[in-house]
Amino acid sequence: MPHFTSQFIDSTPGDPLADRRSRQVHGALWSKVQPTPVSAPRLVAFSPEVVRLLGLDEAALQSPEWVKVLAGNALWPGMVPYAANYGGHQFGHWAGQLGDGRAIVLGELLAPHGKRYELQLKGAGQTPYSRRADGRAVLRSSIREFLCSEAMHHLGVPTTRALSLVATGEQVIRDMFYDGHPEAEPGAIVCRVAPSFLRFGNFELCTSRDDVGLLKKLADYTVTQFFQELGKPSKDTYAAFFNEVARRTARLIAHWQAVGFVHGVMNTDNMSILGLTIDYGPYGWLDDFDPGWTPNTTDAERRRYRYGNQPGIGLWNVERLGTALMPLFEGDEALLNAGLLEYERTFQNELAARFAAKLGLSSLEDEADVELVNGCFAWLVEEETDMTLFFRGLSRVVTASTAPGEFPAVLREAFYGQVSEAHLAKGLQWLTAWWKRTRREDAAPAELARRMDAVNPKYVLRNYLAQEAIEAAYAGDDSKVHVLLEVMRRPFDEQPGREAYAAKRPDWARSKPGCSALSCSS
Ligand code: AMP
Ligand code: MG
């Protein structure tokens with residue numbers, strides 16, 4: 001039987017009340033709350049890698065006993081479920097207390113090698129933080145979260161994981177486009193897994209209420225549990241902790257930029273203190289390389305969370321965290337500024353390193369190299385060009401024995417429409433300069449191609465692919481969810497026979513809801 005602990009709630013202050021009524025919870029980092037049972041749970045999918053990570057057994061996970069736990073209908077001994085209390089800045093404005101309105105942590109599982117992972121059910125029913133909402137999640141958004149958590153992990157991007165996807169057998173009412181057309185949809189629960197689900201917003205809420213004692217307890221728990229290498233809690237340690245979070249956040253966002261992932265809701269309540277991608281909502285993948293694109297319809301007007309804005313928003317969010325930690329810095333602004341600088345420095349280095357690697361270069365050596373990368377971006381935005389296909393295609397060009405004499409067919413596939421001869425000529429000029437630059441690398445072209453294929457994915461969870469799997473699942477066929485999970489386990493491999501999953505967005509998906517635009521309704 002798995003062994004569960006409750007270190008977080010055993011060592012930090014909690015809510016003395018244990019009922020679900022919506023309320024403001026002061027002086028507490030969490031509220032104990034039981035999941036609300038569902039009528040007919042069914043395991044739709046699970047991640048074999050997460051099963052292994054946790055030291056569990058695939059057959060056992062599919063047993064009725066485990067499925068009950070994954071649905072919130074039963075608990076293993078040692079599980080003491082709770083919802084976390086946090087606040088956050090939403091779309092640039094302080095939103096006050098938010099908290100886990102539909103997520104419930106079941107407990108911490110002691111996994112092999114002494115690692116501890118929290119198991120959290122998303123969509124497990126109301127908590128004191130649900131406000132007027134139902135505490136549930138729909139199958140559509142649960143499929144998206146389940147698949148993307150695992151796809152991101154296999155791309156090498158830090159992320160919370162997904163152990164399982166359970167259909168509840170119950171209906172949930174959602175007004176998908178907030179246009180007065182509520183509909184019943186199937187409900188689902190994802191069991192998410194991470195060392196911790198703490199967010200910037202947990203820290204912000206304490207400080208917003210001038211509760212420095214609580215802030216300190218939270219920071220001490222976080223540092224002691226997850227940042228032991230920084231030393232015992234002290235002013236210097238808090239500063240080092242802030243620097244490290246800044247660094248991890250910068251690294252995370254550089255990674256998103258490199259694979260074309262747009263989170264869609266980078267509110268500070270959706271920023272992990274461990275630097276993980278967290279809270280998959282109206283996220284999306286760039287098809288054509290458009291820095292102005294955001295998948296989130298709620299943000300369609302101001303596009304705060306568009307692809308090209310993610311790095312700046314990351315910095316803004318880190319500043320919110322640093323401001324929240326200020327009482328622990330004893331008001332020392334220099335410590336805040338040091339963290340912000342750390343973010344900027346790390347982001348620039350990481351982004352340069354990632355795009356250099358995407359182009360087969362071991363580093364950007366000089367101003368000319370930086371210009372080469374910028375020239376690539378500038379050319380890509382001129383005509384609708386698929387980001388994933390373009391970068392993947394470059395490894396086929398790098399192995400040519402001479403600079404390309406004409407625009408390569410493999411890269412033409414990346415265009416969404418007709419392009420002018422002038423655009424092709426400009427592209428060819430860039431390719432020639434790039435190809436020549438690759439000859440200065442130490443490695444042979446075949447080795448460069450191999451390295452490029454290891455960082456330029458062939459398969460990403462394109463929005464239309466997820467949408468097709470969702471539509472099939474709504475019609476009673478889960479097989480596309482399984483196939484997509486399978487394909488996304490090896491995003492850098494060619495996977496003969498599965499080329500269809502690497503295809504650029506088809507025309508029908510260009511402006512279809514779920515493919516190009518997603519609401520927060522989930
Ligand atoms: P999100 O936009 O998903 O990050 O959620 C923002 C806040 O709304 C969080 O506090 C969530 O827990 C809460 N929330 C979102 N959907 C629901 C729901 N269906 N029931 C209860 N709370 C919700
Ligand atoms: Mg959230």
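The analysis underlying the following values was restricted to heavy atoms, covering all of them including side chains, and did not include hydrogens, waters or symmetry mates. Atoms within a ligand are numbered from 1 in the order they appear, just like the ligands themselves. Numbers for residues simply follow the sequence, beginning at 1.
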*Asks:* Less than 6.0 Å separating the ring centroids of Y238 and F329?
*Replies:* no
*Asks:* Please name the atom of D279, restricted to N, O or S, that is closest to the Mg ion (ligand 2).
*Replies:*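 For D279, the N/O/S atom sitting closest to the Mg ion (ligand 2) is OD2.
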*Asks:* From the options K504, R462, R505, select the one residue that forms a salt bridge (charged side-chain N to carboxylate O under 4.0 Å, His left out) with D386.
*Replies:*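 By the salt bridge (charged side-chain N to carboxylate O under 4.0 Å, His left out) criterion, D386 pairs with just one of K504, R462, R505: R462.
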*Asks:* How far is atom 18 (C) of ligand 1 from its nearest protein heavy atom, and which residue and atom is that?
*Replies:* A133 CB, 3.4 Å
*Asks:* Look at atom 13 (C) of ligand 1 and find which of R102, R131, K122, Q126 reaches it with the closest heavy atom.
*Replies:* R131
*Asks:* Over 60° means perpendicular and under 30° means parallel, so tell me whether F203 and F241 are parallel, tilted or perpendicular.
*Replies:* tilted
*Asks:* Which residue and atom name correspond to the protein heavy atom nearest atom 21 (C) of ligand 1, and how close is it?
*Replies:* G101 O, 3.1 Å
*Asks:* So do the side chains of Y117 and R161 get within less than 4.5 Å of each other, counting heavy atoms only?
*Replies:*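 Not touching, per the 4.5 Å side-chain cut-off.
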*Asks:* Please state which part of D279 comes within less than 4.0 Å of ligand 1, counting heavy atoms only: side chain, backbone, both or neither.
*Replies:*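 It is the side chain that gets close, since no backbone atom is under 4.0 Å.
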*Asks:* Around atom 4 (O) of ligand 1, find the nearest protein heavy atom and jot down its residue, atom name and distance.
*Replies:* N270 OD1, 3.1 Å
*Asks:* What protein heavy atom sits nearest atom 10 (O) of ligand 1, and how far off is it?
*Replies:*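 The answer is G99 O, 2.6 Å.
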*Asks:* The test is salt bridge (Lys or Arg N to Asp or Glu O under 4.0 Å); show your working for R320 and D269 and say whether it passes.
*Replies:* CA-CA 11 Å; R320 301 284 74 68; D269 52 302; over 6 Å; no
*Asks:* Is the distance between the ring centroids of Y280 and F146 less than 6.0 Å?
*Replies:*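 That pair fails the under 6.0 Å test.
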*Asks:* Do T222 and L198 come within less than 4.5 Å of each other through their side chains, counting heavy atoms only?
*Replies:*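 Counting from C-beta outward, T222 and L198 do come under 4.5 Å.
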*Asks:* Among all the protein's non-hydrogen atoms, which is closest to atom 19 (N) of ligand 1, and how far away is it?
*Replies:* D134 OD1, 3.0 Å
*Asks:* If you take all heavy atoms of N73 and V38, which pair is closest and at what distance?
*Replies:* OD1-N, 2.7 Å
*Asks:* Report the residue from Y86, Y129, W30, Y82 that forms a side-chain hydrogen bond (donor to acceptor under 3.5 Å, both in side chains) with D100.
*Replies:* Y86
*Asks:* Please compare S522, G201, G135, G88 and report which has the shortest non-hydrogen distance to atom 20 (N) of ligand 1.
*Replies:* G135
*Asks:* Got a protein heavy atom sitting under 4.0 Å from atom 16 (N) of ligand 1?
*Replies:* yes
*Asks:* Please examine the side chains of M326 and L336, heavy atoms only from C-beta on, and report whether any two atoms are closer than 4.5 Å.
*Replies:*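 Result yes, sub-4.5 Å side-chain heavy-atom pair found.
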*Asks:* Is there a heavy atom in Q97 that sits closer than 4.0 Å to ligand 1?
*Replies:* no
*Asks:* Is D100 close to ligand 1, meaning an N/O of one under 3.5 Å from an N/O of the other?
*Replies:* no
*Asks:* Look only at interatomic distance and state if R174 has a nitrogen or oxygen under 3.5 Å from any nitrogen or oxygen of ligand 1.
*Replies:* yes
*Asks:* Please state whether the separation between the Mg ion (ligand 2) and some N/O/S atom of N267 is under 2.8 Å?
*Replies:*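 No.
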*Asks:* Among all protein heavy atoms, pick the one closest to atom 5 (O) of ligand 1 and tell me residue, atom and distance.
*Replies:* D269 OD2, 4.7 Å
*Asks:* Which one holds for R136 and ligand 1: side chain close, backbone close, both close, or neither close, with close meaning a heavy atom under 4.0 Å?
*Replies:*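 The answer is the backbone of R136.
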